[in-house]
Amino acid sequence: MTWFKRETAPLETSGEKRVRTEGLWVKCDNCRQIIWKKDLDDNLNVCPNCQLHFRIDARRRLELLFDSNEYDTFDSEIASNDPLKFVDLKSYSDRLSRAQSETGLRDAIINARGKLDGRDVVISAMEYSFIGGSMGAVVGEAITRAIERATDEHTPLVVVSASGGARMMEGVVSLMQMAKISAALARMDEARVPYISLLTDPTTGGVTASFAMLGDLNIAEPGALIGFAGPRVIEQTIRQKLPEGFQRSEFLLEKGFLDAVVHRKDLKPYISRALSFMSPAAA
Ligand SMILES: [Zn+2]
């Protein structure tokens with residue numbers, strides 16, 4: 001006779017690890033401080049103790065940048081048609097519909113237009129919680145349209161990146177977006193319309209390799225992971241140990257890849273100042 005029986009819990013095999021912090025308290029990953037969630041919210045989701053910038057979603061981004069949280073969204077109806085009928089652990093179409101119901105978005109991007117310190121701007125904000133903010137045909141098309149709208153209307157553009165890179169489930173279709181967006185940015189540059197790229201944690205892969213680094217001004221939040229390939233891949237390729245803190249905003253600023261590292265609370269005034277410098281007549 002056995003006195004105790006071991007409960008066998010099913011093995012977690014979902015492959016997607018998600019940290020859910022639904023309680024009232026959040027622990028800072030950096031300084032281990034326990035923070036009341038409301039305090040964190042009031043502090044723009046920045047740890048009051050060590051200034052770690054927690055990730056925030058696309059809607060919160062827009063709220064932080066637009067005046068009185070007022071803006072119009074556009075191009076929100078486009079959705080992926082799963083061109084490769086791709087299946088890995090799950091089918092891509094299942095992943096899409098799950099992400100759509102979780103975020104209330106059709107894909108990993110929100111295009112919006114409104115005022116930033118009284119000045120018209122177009123802001124394209126990526127949503128990391130939608131399949132890792134990956135860039136497929138829809139994100140590529142939405143950003144291209146935002147660029148074209150900004151160019152036509154001669155309105156400055158801000159793109160807020162938060163992305164794991166190209167969306168592998170769309171194969172070459174996702175890689176093609178890099179060229180398409182870059183071409184649209186070149187036209188915008190010729191039309192002399194300012195473009196500010198804001199890189200947030202994380203900005204990697206094909207997004208870094210295209211529009212995120214093509215701004216007239218490339219700025220990042222403190223401590224953001226920014227890179228092309230992951231550190232392990234690079235170490236294996238070059239067979240060298242990588243330096244401490246490499247691929248973080250501050251390191252990239254020091255090496256000249258970024259123009260500034262800006263605290264979240266200073267982002268709006270910083271962008272506003274930069275835009276009045278770039279387009280003095282429009283102020
Ligand atoms: Zn902290």
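We count ligands from 1, going down the list as the structure has it; atoms in each ligand are counted the same way.
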(Q) Is the positively charged end of K255 above the ring of F251, judged by distance under 6.0 angstrom from the centroid and angle within 45° of the axis? (A) yes

Q. Between Y71 and R113, is there a cation-pi geometry (under 6.0 Å to ring centre, at most 45° from the normal)?
A. no

Q: Verify salt bridge (charged side-chain N to carboxylate O under 4.0 Å, His left out) between R187 and E190, making sure each step is shown before the conclusion.
A: CA-CA 5 Å; R187 287 192 294 274; E190 279 161 23; over 6 Å; no

Q: For the pair W36 and W25, name the ring-plane relationship: parallel under 30°, tilted 30 to 60°, perpendicular over 60°.
A: tilted

Q: Say whether S124 and N111, considering side chains only, have a donor N or O and an acceptor N or O under 3.5 Å apart.
A: yes

Q. Protein N, O or S atoms less than 2.8 Å from the Zn ion (ligand 1), ignoring waters?
A. C28 SG, C31 SG, C47 SG, C50 SG

Q. Are S134 and R167 close enough that a side-chain donor and a side-chain acceptor fall under 3.5 Å?
A. yes

